[in-house]
Structure formats: C-alpha cells, structure tokens
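Scroll down for the structure; my scribbles are underneath it.
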Amino acid sequence: MIFTSELYEKVISAILCSFNSTTTNNEKQNAFKYLEDLKENHSMICLTISFELLKQTHNQPILHHYSLHLMESIIKHKWNILKNDDRNLVKKQLFSIIKSTYLNQIFAEPAHIRNSLAKCLVELIKRDCFEKVNTTLDEIVNMIQEINQIQ
C-alpha cells in the first residue's frame with residue numbers, strides 16, 4: 001500500500017464518519033475497523049497521514065486529535081519494528097511540528113491537542129533516549145533553545 005491522495009481522503013472520511021453523531025453504528029464500526037486495520041498493518045503510511053493532517057492548519061480539531069492519536073499509538077506499539085531511518089524521520093517530523101506549532105501560535109487549539117502532542121514527545125523520549133546513547137535529548141534541548149532565540 002502506498003500513500004495517495006485518494007487514501008488520504010478516505011482516511012479523513014473514515015475519521016469524520018467514526019466521530020459523527022449522525023452516522024449509523026454500522027457505518028461507525030466499518031470506519032473504525034478500516035482505521036484500526038490501517039494502523040495495525042501500515043505504520044509508515046499512518047505516520048505520513050498523521051503528519052499531513054497536522055500540517056493542515058484549517059483542519060477540524062478532531063482530525064488533529066486523531067492524527068496525534070495515530071502517531072502516539074505507532075510510537076508506543078510499533079517503535080521497535082521501525083527502521084532507524086523511519087525512527088529518525090518520526091523524530092524530525094515531530095520536532096518540526098512542535099516548532100511550527102509554537103511559532104505559528106497554533107497552541108490556541110484546544111488543550112487536548114496540546115496534551116496529545118506532548119504525549120507523543122514523551123513516548124518518543126521514553127523509547128529513544130533511555131534505550132541507548134542517543135542524541136534525542138540533545139535535539140530537544142536544541143529545539144527549545146532555538147524557540148527561545150526566536151522569541
């Protein structure tokens with residue numbers, strides 16, 4: 001499976017369907033099954049979708065929330081099976097999102113979005129900083145220093 005705009009739109013539709021109060025339980029269940037299957041079997045595609053959803057500042061908060069849920073879940077449950085290049089990509093993208101979110105003042109979003117972003121960072125730190133000697137902690141310190149310099 002590869003990332004396409006059709007797949008991206010289908011995921012958005014499934015997310016909105018699963019959280020829409022007017023859809024039937026059967027439709028919600030099918031959308032949920034589709035999303036769970038995607039999350040279980042296609043980690044890198046889910047991360048790509050997550051990052052794409054987060055880049056879109058005009059998205060509904062539910063899409064941002066679900067994209068962070070995807071990212072957190074993959075970091076928690078699939079981190080050990082990701083290749084090193086993929087892990088580095090996740091770190092790079094997450095740091096980029098944190099920087100851009102802070103700098104663009106998107107922190108005006110609901111607190112649960114900010115909390116979800118923080119959970120992703122904490123899960124990444126738990127899996128990457130303490131397993132081996134790594135530069136993740138240094139990268140976080142540098143990111144914070146960059147943000148402070150910009151202020």
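It should be emphasised that the depicted structure is a prediction, and the values quoted were computed from it without experimental measurement.
You'll find the side chain of Tyr34 stays beyond 4.5 Å of the side chain of Asn30, heavy atoms only. You'll find the side chain of Ser67 stays beyond 4.5 Å of the side chain of Ile49, heavy atoms only. By the 4.5 Å heavy-atom criterion applied to side chains, Met44 and Leu89 are counted as neighbours. Using a 4.5 Å heavy-atom threshold, the side chains of Leu47 and Leu70 count as separate. Residues Met71 and Leu54 form a side-chain contact, since some pair of their non-hydrogen atoms from C-beta on lies under 4.5 Å apart. Looking at heavy atoms from C-beta onward, Phe3 lies in side-chain contact with Glu52 at the 4.5 angstrom threshold. Counting heavy atoms from C-beta on, the side chains of Leu117 and Leu94 come closer than 4.5 Å. The side-chain heavy atoms of Thr23 and Leu16, taken from C-beta on, include no pair separated by under 4.5 Å.
Under a 4.0 Å N-O distance rule, the pair Lys10/Glu6 does not qualify as a salt bridge. For Lys119 and Glu123, the salt-bridge test fails: no basic side-chain N is under 4.0 Å from an acidic carboxylate O. The residues Lys33 and Glu36 are annotated as not salt-bridged, no charged nitrogen and carboxylate oxygen being separated by less than 4.0 angstrom.
At distances below 3.5 Å, not a single donor-acceptor pair connects side-chain atoms of Arg127 with backbone N or O atoms of Trp79. Judged by distance alone, with hydrogens and angles left aside, the side-chain atoms of Glu27 form a donor-acceptor pair with the main-chain N or O of Thr24 at under 3.5 Å.
The distance from atom CD1 of Ile62 to atom CD1 of Ile15, rounded to the nearest 0.5 Å, is 8.5 Å. Interatomic distance, CD of Gln93 versus CG of Asn88, reported as 12.0 Å (0.5 Å rounding). Atom-to-atom distance recorded for Ile125:CD1 and Cys120:SG is 11.5 Å, nearest 0.5 angstrom. Considering NZ of Lys126 and CD1 of Ile75, their distance stands at 11.0 Å, rounded to 0.5 Å. The distance from atom OG of Ser116 to atom OH of Tyr66, rounded to the nearest 0.5 Å, is 12.5 Å. In this structure, CG in Leu121 is found 11.5 Å from CG in Leu68, a value given to the nearest 0.5 Å.
The number of heavy-atom neighbours closer than 6.0 Å to CZ of Phe32, taken from other residues, nucleotides and ligands shown, is 12 or below. Counted within 6.0 Å of CG on Asn25, heavy atoms from surrounding residues, nucleotides or ligands total 12 or fewer; the atom is thus considered open. A 6.0 Å sphere centred on CD1 of Ile2 holds no more than 12 heavy atoms belonging to other residues, nucleotides or ligands.
Across Ser43 and Ile74, no two heavy atoms sit closer than the pair O-CD1, 3.4 Å. Minimum interatomic distance between Leu82 and Asp86 (heavy atoms only, all atoms of both residues): CB-CB, 4.3 Å.
Side-chain contact, Lys39 with His69: a donor N or O sits under 3.5 Å from an acceptor N or O. Side-chain contact check for Asn20 and Thr22: at least one donor-acceptor pair (N or O, by modelled atom type) lies under 3.5 Å.
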